[in-house]
S.K.: 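Have a look at this one.
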Amino acid sequence: MSVENDSSQVQGLAAGSGFQTFPVAPGYRVNVRSGPGTNYSVIDTLPYGANVTIRCQCDGTTVSGPYGTSDVWDCIGNGRFVSDAYVKTGSDGYVANSCG
């Protein structure tokens with residue numbers, strides 16, 4: 001899932017938060033879960049064309065998506081997680097601090 005990172009991939013910093021914002025894979029409505037894995041409840045669904053602000057990242061269930069297969073989960077809010085396999089970070093590893 002190695003992709004060169006360029007300025008078009010990183011949407012910027014969320015207004016004053018210091019956290020980076022990244023696009024979700026085009027054409028996908030991504031499930032937001034209550035924890036870092038598919039065994040956690042779906043609590044929301046992101047709309048097509050969404051961007052997410054990654055607060056931190058952690059390991060969880062391995063998921064295959066448009067950006068490869070990954071066990072990295074992105075925390076996008078308090079108790080809100082999406083699989084990194086659906087987020088265009090330009091990396092197949094961590095791009096934010098580890099959660100917790």
Side-chain angles (χ1 to χ4, degrees):
M1 183 173 101
S2 195
V3 177
E4 281 187 28
N5 193 4
D6 65 30
S7 61
S8 67
Q9 290 175 334
V10 176
Q11 297 298 306
L13 297 177
S17 72
F19 299 118
Q20 289 183 319
T21 301
F22 300 91
V24 172
Y28 288 90
R29 294 194 61 200
V30 177
N31 288 332
V32 178
R33 296 186 176 269
S34 61
T38 55
N39 55 319
Y40 289 90
S41 300
V42 174
I43 56 173
D44 198 1
T45 304
L46 299 175
Y48 295 113
N51 290 307
V52 294
T53 300
I54 300 177
R55 295 174 177 230
C56 62
Q57 294 177 296
C58 59
D59 292 342
T61 306
T62 300
V63 172
S64 292
Y67 299 119
T69 300
S70 178
D71 67 350
V72 176
W73 284 74
D74 304 330
C75 178
I76 62 169
N78 191 22
R80 298 171 56 85
F81 292 84
V82 296
S83 170
D84 195 61
Y86 286 87
V87 179
K88 187 174 185 179
T89 62
S91 172
D92 52 357
Y94 281 45
V95 297
N97 291 331
S98 179
C99 298

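Nothing fancy with the numbering, it's 1 onward along the sequence.
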S.K.: Between Val63 and Phe22, is there a shared hydrophobic cluster once you connect ILVMFWY residues whose side-chain heavy atoms come closer than 4.5 Å?
M.R.: yes

S.K.: Could you give the distance from CZ (Arg29) to OH (Tyr86), rounded to the nearest 0.5 Å?
M.R.: 14.0 Å

S.K.: Among Val30, Val87, Val32, whose side chain to side chain contact (heavy atoms under 4.5 Å, CB included) with Ile76 holds?
M.R.: Val32

S.K.: Between Ser91 and Val95, which heavy-atom pair has the shortest distance, and what is it?
M.R.: CB-CG1, 3.6 Å

S.K.: Would you mind listing every salt bridge (Lys or Arg N to Asp or Glu O under 4.0 Å) that reaches into residues 44-61, with sequence neighbours excluded?
M.R.: Asp44-Arg80

S.K.: Can you tell me how far the CD1 atom of Ile54 sits from the CG atom of Asn97, to the nearest 0.5 Å?
M.R.: 11.5 Å

S.K.: Find the distance between OG1 (Thr45) and CZ (Arg33) and round it off to the nearest 0.5 Å.
M.R.: 9.5 Å

S.K.: Which residues, ordered by chain and number, are linked to Tyr94 in its hydrophobic cluster, where ILVMFWY side chains connect at heavy-atom gaps below 4.5 Å, directly or through other members?
M.R.: Val72

S.K.: Write down the atom of Pro66, the atom of Tyr28, and the distance for their closest heavy-atom approach.
M.R.: CG-CE1, 3.7 Å

S.K.: Mind checking side-chain hydrogen bond (donor to acceptor under 3.5 Å, both in side chains) for Ser34 and listing every partner two or more places apart, or none if nothing turns up?
M.R.: none

S.K.: At what distance, to the nearest 0.5 angstrom, does CD of Gln57 lie from OG of Ser70?
M.R.: 8.5 Å

S.K.: Could you name each residue pair satisfying salt bridge (Lys or Arg N to Asp or Glu O under 4.0 Å) that touches residues 65-74, not counting sequence neighbours?
M.R.: none

S.K.: Can you list every pair that meets disulfide bond (SG atoms under 2.5 Å apart) and has a residue in residues 28-100, with sequence neighbours left out?
M.R.: Cys56-Cys99

S.K.: Listed by chain and number, what are the side-chain contact (heavy atoms from CB on, under 4.5 Å) partners of Thr61, not counting sequence neighbours?
M.R.: Thr38, Asn39, Trp73

S.K.: Between Ser41 (side chain only) and Ile43 (backbone N and O only), is there a donor and an acceptor less than 3.5 Å apart?
M.R.: no

